[in-house]
There are 2 protein chains.
Amino acid sequence: MTVGLALAELIAVLTAVTQGEPKVMTVRRGEALPSGPFELGHRSLQSGLREWVQDQTGHPVGYLEQLYTFADRDRTHESAKRRSISISYLGLVREQAAPGAGKPGWHGWYEYFPWEDHRNGRPAILSDISDQLQAWAAAELPRREHRKRRVEFAFGLHDAAWNEDLTLQRYELMYEAGLVAEAGHGAAEISSGRPMFADHRRILATGIARLRVKIKYRPVVFELMPESFTLLQLQRTVEALAGLTLHKPNFRRLIDQQQLIEETGEVTSETGGRPAKLFRYRHAVLEERALSGSKLPLSRN
Amino acid sequence: MTVGLALAELIAVLTAVTQGEPKVMTVRRGEALPSGPFELGHRSLQSGLREWVQDQTGHPVGYLEQLYTFADRDRTHESAKRRSISISYLGLVREQAAPGAGKPGWHGWYEYFPWEDHRNGRPAILSDISDQLQAWAAAELPRREHRKRRVEFAFGLHDAAWNEDLTLQRYELMYEAGLVAEAGHGAAEISSGRPMFADHRRILATGIARLRVKIKYRPVVFELMPESFTLLQLQRTVEALAGLTLHKPNFRRLIDQQQLIEETGEVTSETGGRPAKLFRYRHAVLEERALSGSKLPLSRN
DNA sequence: CATGATATACTCATCCAGAGTATAAGGAGA
DNA sequence: TCTCCTTATACTCTGGATGAGTATATCATG
């Protein structure tokens with residue numbers, strides 16, 4: 001009887017937003033997510049990863065949440081016929097290292113998922129992608145209708161609207177259809193985003209999807225903001241994550257009716273037009289009550 | 001340099017609802033959740049658990065979802081100074097084994113968490129619990145206010161309303177305050193529910209919380225229902241999981257405006273009064289579209 | 001045939017989210 | 001200095017969803 005011995009590995013999807021662009025920390029020149037073995041010295045998984053990231057990047061991790069645990073057999077480390085278990089985490093950090101000295105390479109989310117950014121309208125690539133997916137769906141007879149519905153729903157075709165939360169479902173469909181490079185087979189004639197090592201891009205998709213869902217009911221955005229910020233800066237950050245533009249008046253209404261932030265008393269005129277008030281997150285006061293709220297208003301435009 | 005070798009173990013929170021009561025599958029006469037090593041032969045974590053449960057209970061698992069991965073050092077299996085990683089899952093099964101022959105022991109959720117069942121009003125135990133928690137919160141000076149707010153929010157004191165989703169937060173607070181038996185110290189003078197081995201009750205709380213959240217936006221309830229059912233049976237099942245009573249007319253409105261179910265054409269008069277129409281879940285048609293909907297109406301009473 | 005029980009159908013008020021419009025306050029350039 | 005442009009901030013309107021209550025239908029039972 002074999003005992004369940006396995007290699008335990010930690011993988012991090014570390015995200016920051018700088019200049020209105022969501023970034024992920026990578027290694028190997030953008031080809032892989034940072035990862036490392038889970039060592040005996042660590043107190044727990046959570047703290048193990050925290051220490052490890054601190055060492056690697058010099059940045060403290062604000063918010064840290066477990067994503068998923070994988071154990072597929074087609075992973076590396078299969079040297080000794082041993083299984084490798086990967087425990088992935090989503091982490092939010094406040095700032096990006098000064099680009100130059102630091103080794104950590106930050107890359108934009110949308111290099112890897114160009115079809116996920118709808119801030120400037122529906123990306124052109126989506127036409128190609130959905131064409132190919134529909135062809136793929138129509139090809140296989142047995143589960144044809146089922147596939148068609150999955151594609152239409154995930155990509156917001158026909159009557160369905162684009163749903164930014166379905167990042168993972170979209171990637172998985174494209175993977176099944178052989179449209180992404182990692183798959184090996186198919187090799188992706190269309191420009192389907194930058195590939196990554198092994199299943200790292202899938203893990204990144206998991207992280208993006210999780211964060212997009214989360215910002216709607218938990219005030220995690222503030223983990224990505226500087227100490228003080230304007231309302232538009234906050235909105236731009238949310239938009240960057242969601243890959244959508246928001247309705248400005250409604251965004252403001254929602255934010256202040258939740259009382260998550262307070263004025264610092266200062267204003268900044270670095271924004272161009274009329275000077276904007278600066279706000280800060282009300283850490284202390286809410287921490288727990290905030291569990292309930294924090295929705296965000298979406299719009300068509 | 002230590003390599004991340006660890007024992008991988010699977011733990012399941014298997015849930016069924018019979019006669020309007022939510023149950024969990026246990027071993028050791030209700031003292032532990034079923035668990036087992038993750039073996040080399042398994043294709044993946046998911047399928048490993050699926051096979052294992054099938055063997056143990058004879059029931060197929062309908063819905064299966066990963067809950068959380070733990071790796072605390074105060075777990076068992078610390079024989080060889082080796083860490084043990086526990087990957088927990090939430091599984092839904094349609095029926096309970098005929099009580100008698102089968103070994104699996106099903107126990108009601110609310111044996112372990114009596115304060116979580118509000119279907120017959122606020123349980124009396126909650127007065128004791130919140131008294132003790134407030135005393136505990138008031139005792140420690142430094143973070144007093146913070147603790148007070150956590151308790152009030154989690155248990156719906158003062159202005160806050162009872163929120164059924166906070167099962168895990170409530171258990172954790174009680175654990176911190178030494179009100180549950182697992183904590184060791186304190187030994188729980190009050191009847192704070194049946195204890196479990198190690199951190200199994202915490203894992204159960206995680207599963208309950210996850211399921212309570214999930215039924216609000218995904219049609220997972222149907223994994224617990226028989227092929228055909230009446231609307232009231234469906235409502236009773238949801239109420240059992242949420243630990244709350246629902247507003248009947250609104251429940252019905254919500255269900256049929258989501259078009260999740262369809263009439264079978266038959267009726268049953270086993271329910272007492274006027275015979276009720278039987279319905280079935282529309283598996284095929286929706287599977288994917290259903291991703292969006294499936295909320296449920298809560299009420300005060 | 002009345003009564004009690006459950007099933008099913010409607011109505012009403014409130015709140016909230018999406019969408020649009022209007023005014024304020026700065027800077028840049030004619 | 002005045003005008004225009006840009007961004008910030010404030011207000012209104014409408015439709016739909018949600019919480020809550022009420023009325024009618026159809027069975028079994030005494």
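First the proteins, then the strands, lettered A, B, ... as listed; each starts at 1.
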Original post:
Residues two or more places apart in sequence or in another chain: which of them pass salt bridge (Lys or Arg N to Asp or Glu O under 4.0 Å) with A:Glu152?
Top reply: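 Counting only residues at least two positions away or on another chain, A:Glu152 forms no salt bridge (Lys or Arg N to Asp or Glu O under 4.0 Å).
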Original post:
Using 4.0 Å as the upper bound for N to carboxylate O, is an ion pair formed by A:Glu116 and A:Arg170?
Top reply: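 Salt bridge between A:Arg170 and A:Glu116, a charged N being under 4.0 Å from a carboxylate O: yes.
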[X]: which residues meet the side chain to side chain contact (heavy atoms under 4.5 Å, CB included) condition with it, sequence neighbours left out?
| X | value |
| --- | --- |
| A:Ala240 | A:Val17, A:Pro22, A:Arg119 |
| A:Asp165 | A:Asn163, A:Arg212, A:Val213, A:Lys216 |
| A:Glu227 | A:His283 |
| B:Gln66 | A:Tyr68, A:Thr69, B:Leu45, B:Thr69, B:Ile87, B:Tyr89 |

In terms of side-chain heavy atoms of [X], which of [options] is nearest?
| X | options | result |
| --- | --- | --- |
| A:Pro249 | D:dA20, C:dT8, C:dT21 | C:dT21 |
| B:Arg253 | C:dT8, D:dT9, D:dG19 | D:dG19 |
| B:Arg252 | D:dA8, C:dT8, D:dT12 | C:dT8 |
| B:Asn250 | D:dG19, D:dG21, D:dA8 | D:dG19 |

Starting at atom [atom1] of [X], determine the distance to atom [atom2] of [N], rounded to an integer number of angstrom.
| X | N | atom1 | atom2 | result |
| --- | --- | --- | --- | --- |
| A:Lys277 | D:dA10 | NZ | C1' | 10 Å |
| B:Leu254 | D:dG19 | CG | P | 8 Å |
| B:Leu232 | C:dA7 | CG | P | 5 Å |
| A:Phe251 | D:dA10 | CZ | P | 15 Å |
| B:Ile255 | C:dT8 | CD1 | C1' | 15 Å |
| B:Leu246 | D:dT18 | CG | P | 13 Å |
| A:His247 | D:dT12 | NE2 | P | 15 Å |
| B:Phe229 | C:dT6 | CZ | P | 20 Å |

**OP:** Indicate whether any N or O donor in one side chain lies under 3.5 Å from an N or O acceptor in the other, for A:Thr15 and A:Lys23.
**Re:**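 No pair is found: no donor N or O on one side chain lies under 3.5 Å from an acceptor on the other.
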If you restrict it to nitrogen or oxygen atoms, what contacts under 3.5 Å exist between nucleotides 25-30 of chain D and the protein, and what is each distance?
{"unit_1": "D:dA25", "atom_1": "N3", "unit_2": "B:Arg274", "atom_2": "NH1", "d": "2.9"}
{"unit_1": "D:dT26", "atom_1": "O4'", "unit_2": "B:Arg274", "atom_2": "NE", "d": "3.4"}

Original post:
For B:Lys248, which contact category applies under a 4.0 Å heavy-atom criterion: base, sugar-phosphate, or nothing?
Top reply: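 Contact class for B:Lys248: base.
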Original post:
Closer than 4.0 Å, any side-chain N/O of B:Gln257 to the OP1 or OP2 of D:dT18?
Top reply: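 Result: yes.
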